[in-house]
Amino acid sequence: MKINIRPLESTNIHQVDTFERNSIVRSHLMLDVKDNKISYSIVPVEPYEKIFNIEVEEYPTFIDNPQKAIFFADVDGIPAGQVKIVPWWNKFACVQELVVDTEFRGKGIGQALLNHGVEWAREHNYPGVTLETQTNNVSACKLYEKCGFVLSGFDMNAYRNEPEAHDEIALFWYLIF
């Protein structure tokens, strides 16, 4: 299996946000804060489907833009996932989205995309990378930790007004260079 990472271009803009992103949730993170450090344990839950909605953006503004980027991962020539990176209010690069099509999960594609995004941020002189996920996205949290990110904060009310996600807790991860 060969993973190829390529940037968004005008010729492939139609591929943005075309990946199957839903997943079956089987566990959650249970957070604990002690001595100003956040730790967690993983607890099983009754399985349910998590449906991820797409936030449509002005994708042409990503093309040839040194401030933000979208990269695709192909596996043996087949599109398998994408990562979107934008500048954040605190001067960090922000992984706004990392998605691997359900058919290709568990094969190192998410890690390849995330690593590529981190390298892009380094090359563009960002002081680090931040991202946000939720307590019910355990596989993503494990990936972020594996790639050197540190769980640095959470927000228990971020999704309170979202009917399908009202009990989720937003998690904020950082990789500081």
Side-chain angles (χ1 to χ4, degrees), residues 1-27 29 40 42 49-57 59-88 90-152 170-177:
M1 179 180 86
K2 182 176 184 319
I3 300 172
N4 179 51
I5 308 291
R6 59 187 167 81
L8 171 69
E9 297 173 336
S10 59
T11 57
N12 62 15
I13 198 165
H14 64 281
Q15 292 178 331
V16 177
D17 289 333
T18 59
F19 304 97
E20 176 58 46
R21 58 188 66 235
N22 297 345
S23 62
I24 302 298
V25 174
R26 292 183 170 82
S27 57
L29 269 60
Y40 63 86
I42 298 171
E49 184 177 23
K50 169 66 179 170
I51 298 171
F52 290 90
N53 297 314
I54 299 169
E55 293 182 23
V56 177
E57 295 186 46
Y59 301 126
T61 66
F62 281 77
I63 298 171
D64 297 324
N65 186 333
Q67 298 281 309
K68 55 187 178 177
I70 296 175
F71 296 100
F72 297 107
D74 296 332
V75 174
D76 298 328
I78 301 168
Q82 72 182 31
V83 63
K84 281 187 215 170
I85 308 159
V86 298
W88 209 235
N90 59 4
K91 310 286 190 247
F92 283 85
C94 177
V95 173
Q96 195 172 44
E97 181 176 79
L98 174 65
V99 61
V100 175
D101 194 275
T102 54
E103 178 184 341
F104 295 97
R105 291 184 184 158
K107 299 179 179 179
I109 296 156
Q111 185 171 353
L113 281 165
L114 186 57
N115 288 340
H116 194 84
V118 166
E119 285 310 308
W120 178 89
R122 285 184 198 275
E123 291 169 6
H124 287 80
N125 298 313
Y126 285 95
V129 178
T130 186
L131 54 84
E132 183 259 333
T133 192
Q134 303 80 36
T135 49
N136 63 351
N137 199 343
V138 174
S139 59
C141 292
K142 288 180 178 180
L143 170 64
Y144 304 146
E145 205 166 46
K146 180 179 179 180
C147 290
F149 284 74
V150 174
L151 181 55
S152 301
L171 303 176
F172 302 97
W173 297 82
Y174 280 84
L175 176 65
I176 299 174
F177 303 149

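All residue numbers refer to positions in the sequence shown, counting from 1. The analysis underlying the following values was restricted to heavy atoms, covering all of them including side chains, and did not include hydrogens, waters or symmetry mates.
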Show the numbers, then the answer: is there a side-chain contact (heavy atoms from CB on, under 4.5 Å) between Y59 and K84?
CA-CA 10 Å; Y59 301 126; K84 281 187 215 170; 3.7 Å; yes
Applying side-chain contact (heavy atoms from CB on, under 4.5 Å) to Q82 and V100, what does each step give before you reach the verdict?
CA-CA 7 Å; Q82 72 182 31; V100 175; over 6 Å; no
Working note: I3 + D74, criterion side-chain contact (heavy atoms from CB on, under 4.5 Å); need CA distance, chi angles, decisive distance, verdict.
CA-CA 6 Å; I3 300 172; D74 296 332; over 6 Å; no
Using the side-chain contact (heavy atoms from CB on, under 4.5 Å) rule, take C147 and Q111 through it: C-alpha gap first, then chi angles, then the decisive distance, then the call.
CA-CA 7 Å; C147 290; Q111 185 171 353; 3.8 Å; yes
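Residue pairs meeting the salt bridge (charged side-chain N to carboxylate O under 4.0 Å, His left out) criterion with at least one member in residues 139-149, sequence neighbours excluded, do not occur. Sorted pairs that involve residues 101-116 and meet salt bridge (charged side-chain N to carboxylate O under 4.0 Å, His left out), not counting sequence neighbours, are lacking altogether. Evaluation of the salt bridge (charged side-chain N to carboxylate O under 4.0 Å, His left out) test over residues 112-127, restricted to residues two or more places apart or in two chains, returns E119-R122.
Ring geometry, F149 versus Y144: the interplanar angle falls from 30° to 60°, so the pair is classed tilted.
Every residue two or more places apart in sequence or in another chain that forms a side chain to side chain contact (heavy atoms under 4.5 Å, CB included) with C141 is listed here: L29, T133, L171, W173. Checked against ring pair (Phe, Tyr, Trp, His ring centres under 6.0 Å), Y174 has the following partners two or more places apart in sequence or in another chain: F92. Under the ring pair (Phe, Tyr, Trp, His ring centres under 6.0 Å) criterion, F172 pairs with no residue, sequence neighbours left out. Under the side chain to side chain contact (heavy atoms under 4.5 Å, CB included) criterion, P60 pairs with I13, not counting sequence neighbours. Take T102 and apply the side chain to side chain donor-acceptor pair (under 3.5 Å) test, not counting sequence neighbours, and it matches no residue. In this view, N12 and R6, L8, E9, Q15, F72 satisfy the side chain to side chain contact (heavy atoms under 4.5 Å, CB included) rule, not counting sequence neighbours. The side chain to side chain donor-acceptor pair (under 3.5 Å) test applied to N115 returns no partner, not counting sequence neighbours. Every side chain to side chain donor-acceptor pair (under 3.5 Å) that Q134 has, sequence neighbours left out, goes to E132, Y159. Applying the side chain to side chain contact (heavy atoms under 4.5 Å, CB included) criterion to D76, with sequence neighbours excluded, gives M1, K2.
No close placement of the W120 and H116 rings is indicated, their centers lying 6.0 Å or farther apart.
Taking CD1 of I24 as the start and NZ of K50 as the end, the distance is 12.5 Å to the nearest 0.5 Å. Distance CG/N125 to NZ/K91: 14.5 Å, rounded to 0.5 Å. Distance check, rounded to the nearest 0.5 Å: CG of L151 to OH of Y40 gives 8.0 Å. Here L131 contributes atom CG and L175 contributes atom CG; the two are 9.0 Å apart, rounded to the nearest 0.5 Å.
Considering all non-hydrogen atoms of both residues, L143 and G110 come closest at CD2-C, 3.9 Å. Minimum heavy-atom separation, F52 to S23: CE1-OG, 3.9 Å. Shortest non-hydrogen contact noted between L113 and F71 is CD2-O, 3.7 Å. Between P79 and F104 the shortest heavy-atom distance is O-CE1, 3.8 Å. When all heavy atoms are compared, the tightest approach of A73 to I109 is CB-CG2, 3.6 Å.
No option in V16, D17, I70 other than D17 meets the side chain to side chain contact (heavy atoms under 4.5 Å, CB included) test with E97.
For D64, the CG atom sits in a loose shell: 12 or fewer heavy atoms of surrounding residues, nucleotides or ligands are nearer than 6.0 Å.
Side-chain contact between V95 and V83 is present, with at least one heavy-atom pair separated by less than 4.5 Å. Considering only heavy atoms from C-beta on, I85 stays 4.5 Å or farther from K68 through its side chain.
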